Amino acid sequence: MSETAESLNFIEHIVEEDLQGGYPKKALRFRFPPEPNGYLHIGHASSICLNFGLGLRYNAPVNLRFDDTNPIKEEKAFVDAIKKDIEWLGYKWDTERYASDYFQQLYDWAVEMIMDGKAYVDSQSSEEMASQKGTPTEAGVDSPYRNRSIADNLEIFEAMKNGDYQEGSHVLRAKIDMASQNMLMRDPIMYRVLHKAHHRTNTDWCIYPMYDWAHGESDYIEEVSHSLCTLEFAMHRELYNWFLDQVVVSDKVRPKQREFARRNLSHTVVSKRKLLQLVEQDVVNGWDDPRMPTISGLRRRGYSPAAIRNFADTIGIAKRENLIDVSLLEFHAREDLNKIAPRVMGVLDPVKVIITNYPEGKEEWLETENNPGDELAGNRKVPFSKEIYIERDDFKEEANRKYFRLKLGGEVRLKSAYIIKAESCTKDIDGNIMEIQCTYDPKSKSGSGTEESMRKVKGTLHWVSVAHALKAEIRLYDRLFTDESPDTHKDKGFMDFINDESLQVITGYLEPGLKDAKVGEQMQFQRLGYFCVDPDSTNDNLVFNRTVGLRDTWAKIQNK
RNA sequence: UGGCCUAUGGUGUAAUUGGUAACACAGCUGGUUUUGGUCCAGUCGUUCUAGGUUCGAGUCCUAGUAGGCCAACCA
């Protein structure tokens, strides 16, 4: 059937092998299991695309399950933000689940385990338990409570649940093997006492299950066939399977955990804990700051869902260490925006041009295309007059042939307008150019069909009529960190590499049609880059974010 | 020093499971262009090391080397 030799990642190979081994396709089910204690970031996007992509490929359901077993850090607000991000990325979950939905079932199973002699209440301090844990090369020793009677265990565990004990006084532990090579198998904690309201169960519970106990059993309850997580959980697999062994019945799907490498993005950090630190220490203005590698940050920055999905697809899924250059993400932003973003003109670093032979007070509305690569995008009109702004970079008094922008005595085309020639310029006492005097060729009007309008001129500049220009706040972003891998240094922390110049706010002069641009609207400022309207934007103060600059070959030439 | 995982161009990921090492990005050279954008064409460069099995090894075997992970009442 699949004639196209499409390449599969190793997770897809595992699923294919299971299918070939007789695993019923109908039984396939996946899940995306975020903890609602922060915002989703670009690393999660990879996991989302993997799990939901698998769902799409095999026409299998994908659950959204909030792993909400720790009320200390989790909040409803994060649940809402996570749902919004997944929907925005374009995915639909089958059912919305919460690990907290299973607290009763988990509790009942735990009671059964106690009765089977597979779990016990330990009443030591965490320090004591840690000291008994041993090291990777030395076995641990048994807790003095390890052989507490079943009756006592049952009684104390129930009292723990009922809130009769203080936090830290008791825990429920699985009775496995204190000498295991795998530290996680040395009688792991299943429950701790926590007198804290939960965002869903409120104060119903005074004990909360630990990740290892809750996660696999939740997969089992939901009949998830393939439970995919990141590499740091590889050692947890043995425990995952052990816990499943305690509860599985033969006729139900037994989930299978497999691990893949988290994706690292250059010049940023991809860790909720570290991103939280940036937010709390006001390095950025919140989780959705356009410099953040969060889904919400990228959205506000102007990235499209397709760009992020294509990026995730391109970087793939594997098991080795990786550091993906952020320029690849930027490539995908440009690739998608190039197709969908209408072109407009805006000058961000203006210098005034006076067209000396253009009639005083005259104004023309010139026709220009919205997207040269898309005929369906249509045209619009932009006003032209005697005084215009061009980019300061686009003029030099003298320059060599490689510089095909405006220079004294030279000609350029003003995009969709006329060919002009620089005659002279005036400067302030410091030598800064204040104004450029040009003449224009009245017969060279773009689209007029005249011989003069067809003339080949090497350079074409964007411009804005001074009288009609719309002032706007422009936010230019740069990488948040100066180091490509800020959190992998032995001697320094990631906070030592913060880029102080990651945000630059300037005033730009835009074509007047942009007055009605809506929040979130994306566009290309011709010759400059892709921009979008920030949520901070108001009628009185338009605010634009630069998503990403255009590829800049000229900058490369200059650097040589 | 115990266990687990990984090693393919500058980066990321593939390789019909033992049969021509490919794709994308980046780089470089041209062409087109009223965006130094887009688009088009061409080009550069790779299987950690050493042995072994085989007609044939990125893939299998042996021994190394390097990197990551593992001892929270976090997930």
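Below, read A as the first sequence line, B as the second, and so on, with proteins coming before strands; counting in each chain starts at 1. Nothing here was measured: the structure is a model prediction, and the numbers come from that model.
Ring geometry, Phe157(A) versus Tyr107(A): the interplanar angle falls under 30°, so the pair is classed parallel (tilted spans 30 to 60°).
Residue contacts shown for Arg343(A) include a base, since a base heavy atom lies under 4.0 Å away. Among the heavy atoms of the strands lying under 4.0 Å from Gln124(A) is at least one base atom, whether or not backbone atoms are also near. At the heavy-atom level, Pro33(A) lies nowhere under 4.0 Å from the strands shown. Residue contacts for Leu461(A): at a heavy-atom cut-off of 4.0 Å it reaches no nucleic acid atom on any strand shown. Among the atoms of the strands shown, none is found under 4.0 Å from any heavy atom of Ile72(A). Using a 4.0 Å heavy-atom cutoff across all strands shown, Gly373(A) reaches no nucleic acid atom at all. Thr368(A) comes within 4.0 angstrom of no nucleic acid atom, judged by non-hydrogen atoms across all strands. Using a 4.0 Å heavy-atom distance criterion, His215(A) is classed as making no nucleic acid contact. Residue Glu35(A) is in sugar-phosphate contact alone, with no base atom involved, counting any heavy-atom pair closer than 4.0 Å across all strands shown. Counting any heavy atom pair closer than 4.0 Å across all strands shown, Asp67(A) reaches sugar-phosphate atoms only and no base atom. Lys556(A) comes within 4.0 angstrom of sugar-phosphate atoms only, judged by non-hydrogen atoms across all strands, and of no base. Residue Gly134(A) is in base contact, counting any heavy-atom pair closer than 4.0 Å across all strands shown. Using a 4.0 Å heavy-atom criterion, one finds that Tyr403(A) contacts the bases of the nucleic acid, with or without backbone contacts as well. Counting non-hydrogen atoms under 4.0 angstrom, Ala318(A) reaches the backbone sugars and phosphates but no base.
Taking side-chain N and O atoms only, Lys319(A) has a distance below 4.0 Å to OP1 or OP2 of U6(B). Residue Arg320(A) has a polar side-chain atom (N or O) positioned under 4.0 Å from OP1 or OP2 of U13(B). For U34(B), the OP1/OP2 oxygens have a side-chain nitrogen or oxygen of Lys456(A) closer than 4.0 Å. Side-chain nitrogen and oxygen atoms of Arg192(A) include at least one within less than 4.0 Å of the OP1 or OP2 phosphate oxygen of A75(B). In terms of phosphate contacts, Arg527(A) brings a side-chain nitrogen or oxygen within less than 4.0 Å of OP1 or OP2 of G36(B). Taking 4.0 angstrom as the limit, Arg263(A) places a side-chain polar atom (N or O) nearer than this to OP1 or OP2 of U13(B). In this model, the phosphate group of G3(B) is not approached by any side-chain N or O of Thr137(A) to a distance below 4.0 Å at OP1 or OP2. Under 4.0 angstrom from either OP1 or OP2 of G2(B) there lies no side-chain N or O belonging to Thr135(A).
In this model, a donor atom of one side chain and an acceptor atom of the other lie less than 3.5 Å apart for Gln257(A) and Glu259(A).
Of the two residues contacting RNA chain B, namely Pro136(A) and Phe525(A), the nearest-nucleotide position lying further toward the 5' end is that of Pro136(A).
When each of G36(B), C73(B), U38(B) is scored by its nearest atom to the side-chain atoms of Met210(A), the top-ranked nucleotide is C73(B).
A distance of about 15 Å separates the P atoms of A22(B) and G42(B), rounded to the whole Å. With both ends at atom C1', the span from C60(B) to A75(B) equals 39 Å, rounded to whole Å. When the P atom is compared between U6(B) and U59(B), the two are found 15 Å apart, to the nearest whole Å. Only the C1' atoms considered, U47(B) is 14 Å distant from U13(B), to the nearest whole Å. One P atom belongs to U16(B), the other to U33(B), and the distance between them is 44 Å to the nearest Å. If you take atom C1' in G30(B) and the same atom in U49(B), they sit 41 Å apart, rounded to whole Å. C48(B) and G9(B): their C1' atoms are spaced 14 Å apart (whole Å). Look at the C1' atom in both G27(B) and C44(B): the space between them is 8 Å, to the nearest Å.
Asp552(A) has its CG atom 10 Å from the C1' atom of G37(B), to the nearest Å. In this structure, Glu232(A) atom CD and G68(B) atom P are separated by 15 Å, rounded to whole Å. Atom P of nucleotide G10(B) and atom CG of Asn322(A) are separated by 17 Å, given to the nearest angstrom. For the pair Tyr145(A) OH and C73(B) P, the computed distance is 17 Å after rounding to whole Å. Rounding to whole angstrom units, CD of residue Gln181(A) and P of C4(B) are separated by 7 Å.
Under a cut-off of 6.0 angstrom, the local environment of NZ in Lys133(A) is crowded, with over 12 non-hydrogen atoms contributed by other residues, nucleotides or ligands. For CD of Glu375(A), the number of neighbouring non-hydrogen atoms (other residues, nucleotides, ligands) closer than 6.0 Å is 12 at most.
As the counterpart of A22(B), U13(B) is assigned, both hydrogen-bonding distances of the Watson-Crick or G-U wobble pattern falling under 3.5 Å. When both pairing distances are held under 3.5 Å, G2(B) makes a Watson-Crick or G-U pair with C70(B).
Here Phe233(A) and Tyr211(A) bring their ring centres to under 6.0 angstrom of each other. Taking the six-membered ring for Trp and the full ring otherwise, Phe531(A) and Phe544(A) have centroids separated by 6.0 Å or more.
Between the side chain of Arg413(A) and the base of U34(B), at least one donor-acceptor pair of N or O atoms lies under 3.5 Å.
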Can you list the steps and then say if Lys196(A) with Glu167(A) is a salt bridge (Lys or Arg N to Asp or Glu O under 4.0 Å)?
-> CA-CA 10 Å; Lys196(A) 181 87 169 81; Glu167(A) 292 184 8; over 6 Å; no
Mind listing the N/O atom pairs, protein and nucleotides 16-24 of chain B, below 3.5 Å?
residue, atom, partner, partner atom, Å
U17(B), O4, His13(A), ND1, 3.3

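Residue Tyr240(A) comes nearest to Gly216(A) through the heavy atom pair CE1-CA, 3.3 Å, listed as atom of the first residue, atom of the second, then distance.
Stacking of Trp554(A) onto the six-membered ring of G36(B) is present: less than 5.5 angstrom between centres, less than 30° between planes.
Each side-chain hydrogen bond (donor to acceptor under 3.5 Å, both in side chains) pair with one or both residues in residues 453-464 of chain A, not counting sequence neighbours, appears once here: Glu391(A)-His462(A), Glu411(A)-Arg455(A), Thr450(A)-Ser453(A), His462(A)-Arg527(A).
Taking syn as a glycosidic angle within 90° of 0, U17(B) qualifies as syn.
One finds no salt bridge joining Asp68(A) and Arg200(A) here, because no Lys/Arg side-chain nitrogen approaches an Asp/Glu carboxylate oxygen to under 4.0 Å. The existence of a salt bridge linking Glu369(A) and Lys415(A) is confirmed by a sub-4.0 Å separation between a basic side-chain nitrogen and an acidic carboxylate oxygen.
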